[in-house]
Structure formats: C-alpha cells, structure tokens
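On a predicted model such as this, the values are computed, not experimentally measured, just so you know. Reminder, nothing fancy here: chain letters follow the sequence lines and each chain counts from 1.
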Amino acid sequence: MPYTFNTPDDQREMLESIGVSSIEELFAQIPEDLQLDRPLDLPPAMGELELTQHMSRLASRNDSTQDKVCFLGGGSYDHFVPAVVDSLASRGEFYTSYTPYQPEVSQGNLQAMFEYQTLICELTGMDVSNASLYDGGSALAEAVIMSMSATKRTKKVVVLGTVHPEYRSILETYFIALGTEVVTLPITEGTVDLAEVEEAVDDETACLVVQSPNFFGCLEDVQQLSEIAHQHKSLLVMSYDPISLGLLKRPGDLGADIAVAEGQSLGTPMSYGGPYLGIMSCKSSFMRRMPGRIVGETVDRRGKQCWVLTLQTREQHIRREKATSNICTNQGLFALRASIYLACMGPEGMQDVGKLCAQKSHYAMKEITSLDRFELVYDRPFFKEFVIRDKQNQVAELLAESSDSGFFAGVPLGTWFEDMQDCLLVTVTEKRTRQEIDALVKTFALSNTPAATIHA
Amino acid sequence: MRNTQSTQLLSELSHAGRKAVRLPACDVPEVSLEQLLPKSVLAEQPPQLPELAEPDIVRHYTNLSTLNMSVDTHFYPLGSCTMKYNPKRNERLASLPGMIDLHPYQPEDSLQGMLQLLFELQGFLAEISGLPAVSLQPAAGAHGELTALMAAAAYYKSIGEERTVVLTPDSAHGTNPASAHMAGFKTITVKSSEDGSVNMDDFKSKLNEQVAVFMITNPSTLGLFDGQMKEIADLVHSHGGLIYLDGANMNAVLGVTRPGDFGADMMHFNPHKTFSGPHGGGGPGAGPICVTEKLGEFLPSPVVVKDGDTYRLDNDRPHSIGRVRSFFGNVGVLVRAYCYIISHGPDGLRSVSENAVLNANYLASKVKHFLPIPKGDRCMHEFVASAAKLKAERGITAMDIAKRLLDYGYHSPTVYFPMTVPEAIMVEPTETESKATLDAFVETLFRITEEPADLLHDAPHTTPISRPNEVQAARKPCLRSPMCGS
C-alpha cells in the first residue's frame, strides 16, 4: 500500500505486543454478522503512473478556461492569481496542518488568520471579521442566523430578488423548514423597487438581504436600503464582490451590519465551484454572535505577543446545541490565499484590478450591444458583469457556436429565470484582453447568420 | 530553519510605495471612471492594505509557515481528526488545468471528465457506506450533518409525521447537537455506559415516537465499536425513527463493515480525514452524505446522473430540500478523495483500516501501562487514555502532558474530549506512521509522566511561544491590528 509502513514482520511484532494472533481479531468488537464478507466493489488499485494517466484522460475530457476564453461569472470568476499565492499556500506546513488547537505550535496559521481578519476589516470597512466560512452562499445563511439572534426576530427575513439565485435557494433550504418567512422581492429593472422594500420590511423583519453588485452585475442603492432596514431596527446583511472594493465604497461605508462575500476571486482557482471562501465581517456589537473560528491577540507567559483561537464559548465544541452555529472548521487555506493575494495586490493593485474590470466590461458591453441582435437588459451602473438580451432568442445556439469558436461566452439566465430565456450574463475580468473581447464580438456577429437559425 | 527575527505583522512590514503586482495597461479605449459609474458609489480611496514587495511577502509567509507543526513535518496523533499523510500525487492531479480551471457554469458538454469523476465518486461512496443515494454538496462534516437532518425533516413531512427530537450520545461531537438545533430539532442526550457504549436502559427510556433521528458515532469517539449497534438500529426503526451515522471515524472500518449494513439510514464522510484531503490549517473539508433509497429524493440538488454515455447534472428533483451550498460543493477536496480511493482499490482501503487499527492497538498496548485507558482493552483506530490518576497523585493534567509533548516534537493528542472521560487524552496514530515512530512516541510519553510536575506545568519550553493567556484573549478581544491596545 502506498502510504503505510508496516511490513508483515512489523505486524507480527505488533500483534504480539497487543496479545492477539491476527489483525482480524482486532475487529472482534464488530459482530460477525455486521462484517462485510466480500471485498468492496471498487476499481482495482492504480499506481501513481496509471492514476496520472487516468486523471489526465479525465481532465482532457474537460475544456478548461485555459482552452476557452472565459466570460463566465455569476459568483465564480476568472481573476489573475499571482504565482506567489500558489507557491506559499502549497507549503506543507500550511496545508498539512490543522485547526490551531495548540497555539504554541500553530503561530504561523494563527498569525496568518489574524492578519486575514485585519485585511478583511480594512477591505470591508467593518469592525471585526471571523477566520472564514465555507463559501459565499452558506456565509449569507449564517449572517441571517446572526441577524435573527441579534434582533430576536425569527419570523421573517426580506431578500432582494437580485441576490444570487443559488444563495436564495440556500436561504430557503435553511429557513423555510424552520417556519421563517423568506420574503423575496421581485426584480424591477435589474434592481428592486424601493417602495416595495419599504412595504416589505417591518418590525418583525430580522434582516434585509442585499447583494451589490447584484447577480446581474448591477449596483444596488445600499445606503437607502440600509436606512429602510434600520428604520425598523432590522439589520442590513450585504453580500459583495471583494474584487469590487478596490473601486467601490465598502459595505461598512454603506451602512451594512453584517457583510459577507464569496472570497474565491481573491486568489482561489474556480475549481468547478469549490472549495471556496466564505468571508464574514460585522459591526463590533455582533462580535459574540459570529459563527466559526475567530483568532485573537494575547500574550504568552513571558509576555510575548501571540495569537489564539478565541471567543470559543460561542462554538459547538463547548456550547453544543446552544452554539451560534454548527460550524467546526473554517476555510483556512483559502483565507491564507486571500491574505497573500491582498498582500500582493496592495491598495494600488486592488484599485487597478477594479478599474480594469470596469473599463473592459463596459467596453465589451458597448461592442456587443452595437450589434443589432443584442441589447443591454438593465441600463444601470454595473461593475464587471452585465446582462444582454439576444433578440433572436437563440441563446443555446449562440453559446454552442461561441464554444466551438473557443469562448465560454456567458451564463444563460434561463437556468434560473423563466422569463430570461433570451438573456445572457457576460462577465469581463482584468484578464480579458481587447483582442479576446473583439474576437467574441466577432463570433457573436458571425453567428447571426441563417446557418445559426437552422438549429432553431 | 526558523528565523527568530521574523515575527512582524504584515501591517508593520508595509512601506509606502512598494508593489508586488504590476497589471497590464488598459488596452480598451479608456473612459473616465465617473462616466462609467456614479460618483456616489466610488470609494474616495482604495482600501488601506499593506504595501509590500514580493520578497517581503515570500519571506513573511515562509517564515510564518515554519512556526506550524504539520503532518509533513511531525507526528500528529490528534484524536478524531485522522491526521494521515496527504499524498503529493493528489495535489498534483487535482491541480491539472483540466480539473482546477473549470468554471461552475461551463456547459455540461465541456465538463464530461469532471462529471464522470463526480458520478463515479458518488458510486464509490455508496459502495463504501452501503447507502445508495449520495450528495456531494455539503462543504464539511458538520454541514453534511445539517443537510442530512434537513432531509430527514423533509422525509417526515412527506409522510405526515411531526417528529421533534434528535438523540445524541453524551460522547458525541459538539457538531451533532448544534446541527440538530439548526435543523429545528430538540436534542436529548443519551448516556454512555462504563465501556463507552450506548447505555441501553437510558436509550430505551428516551426512545419514543417523537424521536426523528438518533445520531450515533460508531466507532464511537472513544474508539470503540458499539456491538449493540444492530439492536439500537432495530429499536429506532421499529419506532419509525432514523439512524444518522457520524462518519468521522470511518478510517477504522473501510471494507470491514458498512454503515448501511449495520443499520444507518444516513451518514457523512469526512474526505479530509478518511480520504486524506489535506486539512489546510482548518479547512477546506467536504461533507458528502449517503442515505438510503427512500431518503434519496430529499437530498440537495443537483446530483450527477448518467444518460447513456453522457453525464449531466440533475436539477429536476421535486422533493429535494434544495441547495445547502452554491455551485457543486468542495470539488477540489472530492477530486483528492477520488484519487485516494483509486490509489488504494478495495484491498488497499481495507488495509488502510487494518493498519490504522493495528497502530492504535499497538500504541494502546504500550500506553496503558502508565496511562490508564478506562474504557475497553481493545480499540479501533483511536483510544482515549486518562491522566486522572496522575492528576490525583501528582497534579499533572492532560493539558500538561499535551503541552510537554510539543517540546519533544510531537503534536498533542486531542485532550478533554470526549467529555465522558476525565483528563482525556485521545490518540489517533493513523496508518501512515511506522512502528519506529510509535515506539519513540510511547517512550517520550512515558518519560513525560516521570518528569517533575513543575516542569510540565510550565511546558512547552522550546516552542516559538509559551502558553498563551487565553482568558485575556477572550476578555479583551483584539481581533485585528492595529486596533489592539486601543
């Protein structure tokens, strides 16, 4: 076996020391009728070379974003990752260690997490951050749980229909079964009518859930929304795109009480959807209601500055059913990657990425909508992604042809919205060049031929 | 080699004007920002992140890494966490561009290799667990527990039953009652007997038609297989309840016994434990769940299905509880688990458990001579020793021993868990350690029990820091710089 040491001689010696004659005897606690009387029905073992060949074959059946130019977004993004991030995060001392239960031999991870919390607070303009959660979607659900406990209101939450549909689906899974009313406000022109928000939020509402830039790329009027929430002593939970904060106002500046994000864009590969990074930061008054690990500074017995996991009385291993959440781990490795990424970018780098996203996405939007076949669906301020309508209503064909020409051209919104079968979400990150954008536009232009309509 | 000069914070290293990244100039016709976005949404200045040069960053994090113990560098017998070796090949293979540079919304015809892998993994986990329906979506073990309990709630709703109670043994992981609470259940604790098994009298007294699920960890957190398992399952089932199996300890029983065969209706795997996904300093993990046929329709959507030669995501599952996570789940962790399972094959997986159990019993047979192992002579993949006697006689606690081990270059076992054993020291050696390592560990552990109490109270002595003041950290929380001290 590839990773075990015990030779038959070792095993014999060890069995002798234990006082049994065979390994089978060690399993005697398991009643015989419960033991499996056959080998598992699994493929035979492969050595490293065979496995490499097998995995390479599987990988070759996928088109990666190195094979095709990626204009996909909707919560997972093709941003540039500096080599430093991979190089440092792949050090075994980081990735083969575990939750820092023994702070004396985990100062590396603990200091890195403390720095992560510091960076996230600076990035978001919030007071405190935890050491990360699973992903942006479940982080949003955790933020709603926090709001309920902070406001002592469990009957109702109000969610903008412009929040990522998968995040909304998570909220429904988490809360509807518990009897909480999840009020989802309809989408009007890429946002939600403020009058409807005003009507929906009342004194029973635990929180108002907002995403900005929202799922369609449009910016919401977060300040207004937070005022509406606060008039009813509800909390404003804001989901944001961390990459946008090199350019845009921060959740803390807009009145958010709890800010959560999908942190994938900060140095984590897209990896078909995970593992990612749930970022959560909040106002200090909610500190003790936060889920997950939190690192704090203290001193050791000699007075030396050091870091430990802290406020653990919130957590499941101590409070059990009374804990703030069942969460046990964080996403340490991706929090580390995000920290290294932010350290690499610095203030100027984050600003530059933001500017490039904004410039290039607007250029792409202009070029695509200059074709007669397409129009911009929501004429509202956007950051790096936007929705176009295919007036020929042939999104599937368009995407298939674009794919043949080497592009992942966009996310078809009909997947989630019955009335958006003719719409496409197009995302442009700093990685896309003018040449790639122009080539996509050309593909779109050429696909507008009779040949394309034959499939319809 | 550890660099003792390097403990500054990133913020202290920052030097105005330094840069590690230079992005390309804008190659599309530039428009002034104010034309693109209203001034009201633009920040007045970018976030005040540290300004560093690339070598600053590399030295900082490299030096930080040397302050950690890890599986790559140390024996890490942390009970319940299965800190086994993390194969390098899995890292390389999971990082192939065709595996890692995949967007979750790519068209399915561009993902046939990935979907095949995930489909096959669903099948592997079904076979290993003996439970046919699988969801790979949950992001961690605790997330899997929550998901399965939500599925159980949906199941009861579908048959028109209202059940409000989840039973958990007193030795259960804290996540069990916490997950039950989040899923809307009330938890009732079932006592353990002296030998760590479920106390049948107590269990029977608490079992009734209100019980939705009995969450049980078997092998238990004491490292023992509860031989009453079948009887427990039969009783729960006869009252219309379900058994949830916390799969934290699956490393003991791969190919030996299957939860589905010993009465479990639902379970989660911890691929970061059992199938060697690196723990990443506290994540990522993953928490795929396996359930019986009748519960399958309630699992989260999507799942991967195969139509002819084509793999696709099935979202058309009307009874599904919905989503618990965005996209497909912690795929990177699942890819490593897939590689691990295929590297071993059926015999290899069984041999993993055999050697894990052999190593644990061997270690226990040596340790029990100087640290009592109160519950059971035999163990599965881990055992729980107690320092209660040492504490009574010499004032030496489990914590003292744990801390002193660090001085000798061993990561500590889990201490003070499970709570049913006083001064608990929970040791899980895993199969990827040699007899020589185990012998040296035992020798050190014995030497520590002979050392002067004062020396142990002050331990560790040689680590980068001594024992931190955790009370201060919690009383005056300082969770970021530079607000500390203010």
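- Only the backbone of B:E433 comes within contact range of chain A, judged by heavy atoms closer than 4.5 Å.
- Looking at B:H181, the atoms closer than 4.5 Å to chain A (heavy atoms on both sides) all sit in the side chain, from C-beta outward.
- Atom-to-atom distance recorded for A:S106:OG and B:L64:CG is 12.0 Å, nearest 0.5 angstrom.
- Heavy atoms closer than 4.5 Å to chain A are found in both the backbone and the side chain of B:L224.
- Note: A:Y174 and B:H143 have tilted aromatic rings, judged against thresholds of 30 and 60 degrees for the angle between ring planes.
- Taking the six-membered ring for Trp and the full ring otherwise, the centers of B:F327 and A:Y276 sit less than 6.0 Å from each other.
- When A:Q102, A:K355, A:H317, A:H54 are compared by the number of non-hydrogen pairs under 4.5 Å with chain B, A:Q102 comes out ahead.
- For B:K403, the part lying near chain A is the side chain, with the backbone staying farther off; criterion is any non-hydrogen pair under 4.5 Å.
- B:T432 places no side-chain N or O within 3.5 Å of a backbone atom of A:T4 that could act as its donor or acceptor partner.
- Only the side chain of B:M150 has a heavy atom closer than 4.5 Å to any heavy atom of chain A.
- Ranked by heavy-atom pairs shorter than 4.5 Å toward chain A, the options B:G322, B:G255, B:P177 are led by B:P177.
- With a threshold of 4.5 angstrom between heavy atoms, B:A183 approaches chain A through N, CA, C or O but not through any side-chain atom.
- Within the model, atoms OG of B:S481 and CD of A:E297 stand 7.5 Å from one another, a figure rounded to the nearest 0.5 Å.
- Between B:H279 and A:Y98, the angle of the ring planes goes over 60°, which puts this pair in the perpendicular group of the 30/60° scheme.
- Here B:R467 does not pair with A:D300 in a salt bridge; the nearest charged N to carboxylate O distance is not below 4.0 Å.
- Ion pairing between B:D27 and A:K360 holds under the 4.0 Å rule for side-chain N and carboxylate O.
- For chain B, the nearby parts of A:I30 are the backbone and the side chain; heavy atoms of each come within less than 4.5 Å.
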